Amino acid sequence: MPSEIIYMCRRCGDLLSVEYNVDLMRPEIASNWVGRALSVWRYAELLPIVDRNKIVSLGEGGTSLNKCDRLGGYLGLKEVYVKNEGENPTGSFKDRGMTVGVTKALEMSMKRVACASTGNTSASLAAYAAKAGLECIVLIPSGKVALGKLVQAIIYGARVIQVKGNFDDALRIVEELCMTQPIYLLNSINPYRLEGQKTIAFEIWDQLGGKVPDKVIVPVGNAGNISAIWKGFRELYLMGLINRLPRMIGIQAEGAAPIANMIKMGSSEIKFVEKPETIATAIRIGSPVNWKKAVKAIRESGGLAETVSDEEILSAQKLLARLEGIFVEPASAASIAGLIKLSKNGLVEKDELVVCVATGHGLKDPDIILRQFPKPIEIEVDVNTLIKILSV
Ligand code: AN7
């Protein structure tokens, strides 16, 4: 029942997924979308909200899809695109899920919402809870959340609680909290959030004028987003709006790569990482709750997974900023680092249309940049000094 507060299947204990009446799965639905702005709610027919007048929105979605010719040229690839999710209201793709999830919390008359987070989920939930007038509780791993994200959760008025453990530990206890208290859980075990996030696929399809990418490259942490994007493409296919599907490519940081390791080994079992470690704190996750959905997305689509080192992540972050003017946070740069590695290994070919999903804004994590560069030079107010300096 859509009105029931439930996160896991009562029979098998697995996560749930939102499925729509087959009558909705027709190409004619898309004619409703044409007159609406590019945004999450352009695709309202395929979002699980009953009363559209009660939507909690901050203007999420409608992010740019940038054709990256300088990056493509550098890699010898013809059609590289970056979907810049940093343009969302709180600076990450999480807003797509929260507009749906927090609206759902209101539909269910919940007064309090909560999540565990590596940073972006908490920033996003805090903002949407503020807009909705709900009390927000966020649990974050002590000292492992990028400054910008922490600041966001604080200013939006969330109750921020640091847990002496990692994200996986924080998620475990917030799940327990929400099972026993009337608090609505908005981590990605909540299937409504993934519904909002699947609109990344719809927008890519719209922005490419109905073309389907050959490959979609996504950084993977808790593995909700890659699952959601795959669901989006599959729904377009079920509606008869596209006649082929992209290959889904998941990228994880070397020190937090249970899914990539499993896929690369062709294994049927996952080995969670007990002490995940990476500079990309957003994806510093060892036990991704959506792993089954993500593995299915990658395998069903004929895709693959790859790991990248912290060094590769930072160098891809710099490269994207300098070649394309797009500043993303380290976790997002993992998708670019993945593209670089795969193209070097011949796993992305010259003529393929590739879309990298850049999940969050670079300003979220300024410390990581300052640590890598010297302080800018300082001069007296004197034009001759300026000219002298510029000439060397
Ligand atoms: C920038 O905020 O898990 O694979 O708690 O912030 O759907 O988990 C963040 C994840 C990629 C991974 N890029 O997405 C959180 C959190 C950025 C992110 C991911 C996250 P999933």
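All ligand and atom numbering here is 1-based and tracks the order in the structure. These figures come from a predicted structure and were not determined experimentally. Keep in mind that the numbers below use all heavy atoms, side chains included, and drop hydrogens, waters and symmetry copies.
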Self-check item: Protein heavy atom at shortest distance from atom 11 (C) of ligand 1
Solution: Thr359 OG1, 3.6 Å
Quiz item: Which heavy atom of the protein is the closest neighbour of atom 7 (O) of ligand 1, given with residue, atom name and distance?
Solution: Asn225 N, 2.8 Å
Practice problem: Output yes when the distance from some N or O of ligand 1 to some N or O of Gln197 is under 3.5 Å, and no in every other case. | Solution: no
Self-check item: Ala223 N/O to ligand 1 N/O under 3.5 Å
Solution: yes
Self-check item: Nearest heavy-atom neighbours spanning Pro141 and Gln162
Solution: O-OE1, 4.5 Å
Quiz item: Counting both backbone and side chain atoms, is some N or O of Ser332 under 3.5 Å from an N or O of ligand 1?
Solution: no
Exercise. Check each atom of ligand 1 against the heavy atoms of Gly224 and keep those under 4.0 Å away; list them by number with element.
Key: 4 (O), 7 (O), 21 (P)
Self-check item: Shortest protein heavy-atom distance from atom 10 (C) of ligand 1, along with the residue and atom involved
Solution: Lys94 NZ, 3.1 Å
Quiz item: Does Val163 offer a backbone N or O that forms a donor-acceptor pair with the side chain of Ser142 under 3.5 Å?
Solution: yes
Self-check item: Atoms of ligand 1, numbered as shown, that sit under 4.0 Å from any heavy atom of Ser117
Solution: 2 (O), 5 (O), 15 (C)
Self-check item: ligand 1 to Glu329 polar contact by distance, N or O atoms, under 3.5 Å
Solution: no
Quiz item: Taking all atoms of both residues into account, what is the closest heavy-atom pair of Gln152 and Thr90, and its distance?
Solution: NE2-O, 2.9 Å
Exercise. Treating Ile, Leu, Val, Met, Phe, Trp and Tyr as nodes and any side-chain heavy-atom pair under 4.5 angstrom as an edge, say whether Tyr156 and Tyr184 lie in one connected cluster.
Key: no
Quiz item: Closer than 4.0 angstrom: is that true for some heavy atom of Gly119 and an atom of ligand 1?
Solution: yes
Practice problem: Considering only non-hydrogen protein atoms, determine which one is nearest to atom 8 (O) of ligand 1 and report residue, atom name and distance to 0.1 Å. | Solution: Asn222 N, 2.7 Å
Practice problem: Report yes if Val220 has an N/O atom closer than 3.5 Å to an N/O atom of ligand 1; otherwise report no. | Solution: no
Quiz prompt | Matching residue for Lys94 among Asn88, Thr99, Leu186, Asn120 - test: side-chain contact (heavy atoms from CB on, under 4.5 Å) | solution = Asn120
Practice problem: Using distance alone, determine whether Ile285 and ligand 1 share an N or O pair under 3.5 Å. | Solution: no
Quiz item: Would you say the side-chain atoms of Asp51 pair up with the backbone N or O of Asn53, donor to acceptor, closer than 3.5 Å?
Solution: yes
Quiz prompt | Min side-chain heavy-atom separation Val289-Glu175 under 4.5 Å | solution = yes
Quiz item: Which atoms of ligand 1 are found less than 4.0 Å from any heavy atom of Ile283?
Solution: 11 (C), 12 (C), 19 (C)
Quiz prompt | Short N or O distance, Lys149 and ligand 1, threshold 3.5 Å exclusive | solution = no
Quiz item: Less than 3.5 Å between some nitrogen or oxygen of Thr118 and one of ligand 1, yes or no?
Solution: yes
Quiz item: How far is atom 14 (O) of ligand 1 from its nearest protein heavy atom, and which residue and atom name does that atom have?
Solution: Phe93 CZ, 3.5 Å
Quiz item: With side chains defined as the heavy atoms from C-beta onward, is the minimum distance between Leu314 and Glu311 less than 4.5 Å?
Solution: no
